[in-house]
Number of protein chains: 2
Amino acid sequence: MTRPPRSDAARNRAAVLAAADELFATAVEPARVSMDDVATAAGVGKGTLFRAFGSRAGLIQALWARRTEPLRHAIESGPLPLGPGTEPRRRVAAILDAILVVKLDNRHLTLALEERSGGVSLYEQAQYQLVHQLLSDLLRDAGQGDESELLAHLLLAAVRADLLDHLIGGRGSSRRKLRAGIGAVVDLVLNGSGG
Amino acid sequence: MTRPPRSDAARNRAAVLAAADELFATAVEPARVSMDDVATAAGVGKGTLFRAFGSRAGLIQALWARRTEPLRHAIESGPLPLGPGTEPRRRVAAILDAILVVKLDNRHLTLALEERSGGVSLYEQAQYQLVHQLLSDLLRDAGQGDESELLAHLLLAAVRADLLDHLIGGRGSSRRKLRAGIGAVVDLVLNGSGG
DNA sequence: TTCGGATCCGGACCGCTGGTCCGGCTGGCA
DNA sequence: TGCCAGCCGGACCAGCGGTCCGGATCCGAA
């Protein structure tokens, strides 16, 4: 039996989430947002912070989970084309585009998420593995056979945080052009490979 | 006029390169190879190491440059299909496959190279930018127009070190299957998109 | 309302990292 | 042989993620 958290614990957790969200959104270089910074900004001790989130990666993943909750919900039980019921290939394309948009809307946080910090690779994160599993299944349904897992990885590689940051940060593709360009390549891969 | 380096400096530089090469090849976790480790293994002081290579990133890039020298040479003036003279699309595919092979042959070093350490993103590294430039030009020649730059980034994203490490490390695709699978997707993108 | 102990707080502390600094040594030319 | 620019090397530094534990706080029981 896990008992509900004490009131001060809940309050502090919320304060940390708010402060961290602000810091990561504001900071120019998310890697330079230290745990001390977060603790100070939240008006909380460092111990509290680590007890609540376990590690830096844990904190960032909690922030990410909050930010992507609407998207997860839309995929699980939302309207087309994100929700179930859409033709697999179309759904894969829609999901990738939605992920792209979320990442663009949370550039710094996403960058922090995917940065290999604490020895935790992107590919070892539960969050990534869930999305990969979903895409793999859809691709299998679409008749991609035993290439579906690799294909899912490659498609997700197209929307990696640092690449997007580089493309948007450096003069060049605007948001619109980026979505169009990546979408075109995704469609190409989805529709050209046997099925 | 820059004078030739003193003999002891040259000797130390070589010792560091050899020791670091060994360490990165052996270590299970390249991120855990510290500069102290390298200095100790090379029988050299830390100051010497940093004077010779500037930074951790500098050392890794020097190692990488040595390892990829044959490949660079083959691309610049080697035989087909890597060298100049090959039909652009075929050459892009050949170059990507060659890069893939080199990365697989130097997994740990490549991982260290692409790890964002010291705030230096993969996309800011001269080494990456040169390859990207080359691929962009080839794609433009192949009639990809203004999408060639983005396309080059996406193709290179398919052979990123941590993805390869994940695919090979975890049970799954063997080397052969990986080359075939990635090659197939690359061909699809190259041959399906106008031109 | 009081009380007692489970739970949580917080900041001093730790080990480790990449990187700097400078007193002393050494290679190489005159 | 003598001289000194250039090089050596390890003590040192600031900053990081993460731990620890004495004391404050919350909350159910009496």
Side-chain angles (χ1 to χ4, degrees), chain A residues 1-17 19-20 23-24 27-63 111-113 115-121 124-125, chain B residues 1-17 19-20 23-24 27-63 111-113 115-121 124-125:
Chain A
M1 291 294 296
T2 51
R3 315 181 19 167
R6 241 169 63 173
S7 66
D8 52 350
R11 193 184 339 122
N12 280 332
R13 184 186 169 89
V16 167
L17 281 175
L23 278 182
F24 279 112
V28 278
E29 185 79 43
R32 301 215 171 196
V33 176
S34 73
M35 295 302 268
D36 283 275
D37 292 340
V38 174
T40 301
V44 144
K46 224 173 150 185
T48 302
L49 199 158
F50 276 92
R51 199 172 327 98
F53 298 95
S55 68
R56 181 174 218 271
L59 169 60
I60 292 171
Q61 285 173 28
L63 288 170
L111 220 41
L113 210 227
E115 226 155 274
R116 177 186 271 261
S117 59
V120 182
S121 154
E124 291 166 351
Q125 293 179 23
Chain B
M1 292 298 294
T2 50
R3 318 180 16 168
R6 242 167 61 173
S7 65
D8 51 350
R11 192 186 339 121
N12 280 332
R13 184 185 171 90
V16 167
L17 281 175
L23 278 182
F24 279 112
V28 277
E29 186 80 43
R32 301 213 172 198
V33 176
S34 74
M35 295 302 268
D36 283 276
D37 293 340
V38 174
T40 301
V44 144
K46 224 172 150 186
T48 301
L49 199 158
F50 277 91
R51 199 174 324 98
F53 298 96
S55 68
R56 181 173 218 271
L59 169 60
I60 293 170
Q61 286 173 30
L63 287 171
L111 220 40
L113 209 227
E115 226 156 272
R116 176 186 273 261
S117 59
V120 183
S121 154
E124 290 166 352
Q125 292 179 23

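Every chain is numbered from 1, with letters handed out A, B, ... down the list of sequences. Since we're looking at a predicted model, the values are computed, not measured.
Closest non-hydrogen pair, B:R116 versus B:S121, comes out as NH2-CB, 3.5 Å. Residue A:L63 comes nearest to A:L17 through the heavy atom pair CD2-O, 3.5 Å, listed as atom of the first residue, atom of the second, then distance. In terms of heavy atoms, B:V16 sits closest to B:A42 at CA-CB, 3.8 Å. Nearest approach of B:F50 to B:R56, heavy atoms of both residues: CE2-N, 4.4 Å. Closest heavy-atom contact between B:L49 and B:V44: N-CG1, 4.3 Å.
The distance from atom CG of B:N12 to atom P of C:dT26 is 13 Å, rounded to the nearest whole Å. Atom pair A:D36:CG and C:dG10:C1' shows a separation of 12 Å (rounding to whole Å applied). Distance A:F50 CZ to C:dC14 C1': 13 Å, rounded to the nearest Å.
Nucleic acid contact class of A:S34 (heavy atoms, under 4.0 Å, all strands): sugar-phosphate only.
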Produce the list of close N/O pairs, under 3.5 Å, pairing protein atoms with atoms of nucleotides 27-30 of chain C; give distances to one decimal.
from   : atom 1 : to   : atom 2 : distance (Å)
C:dG27 : O3'    : B:S7 : OG     : 3.3
C:dG28 : OP1    : B:S7 : N      : 2.9
C:dG28 : OP1    : B:S7 : OG     : 3.0
C:dG28 : OP2    : B:S7 : OG     : 3.3

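The nucleotide range of DNA chain D contacted by chain B, defined by atoms under 4.0 angstrom from heavy atoms of the protein and reported 5' to 3', is D:dA5 to D:dG10.
Comparing B:R51 and B:A57 by the nucleotide of DNA chain C that holds the closest heavy atom to each, the one mapping nearer the 5' end is B:A57. Between A:G54 and A:R32, the residue whose closest nucleotide on DNA chain D is further toward the 5' end is A:R32. Each of A:M35 and B:K46 was matched to the nucleotide of DNA chain D holding its nearest heavy atom; the match closer to the 5' end belongs to B:K46.
A donor-acceptor contact shorter than 3.5 Å is absent between the side chain of A:E115 and the backbone of A:P30. With hydrogens and angles disregarded, no donor-acceptor distance shorter than 3.5 Å links the side chain of B:Q125 to the backbone of B:Q61.
A:S34 and A:D37 are linked by a side-chain donor-acceptor pair at a separation below 3.5 angstrom, with hydrogens and angles left out of the test.
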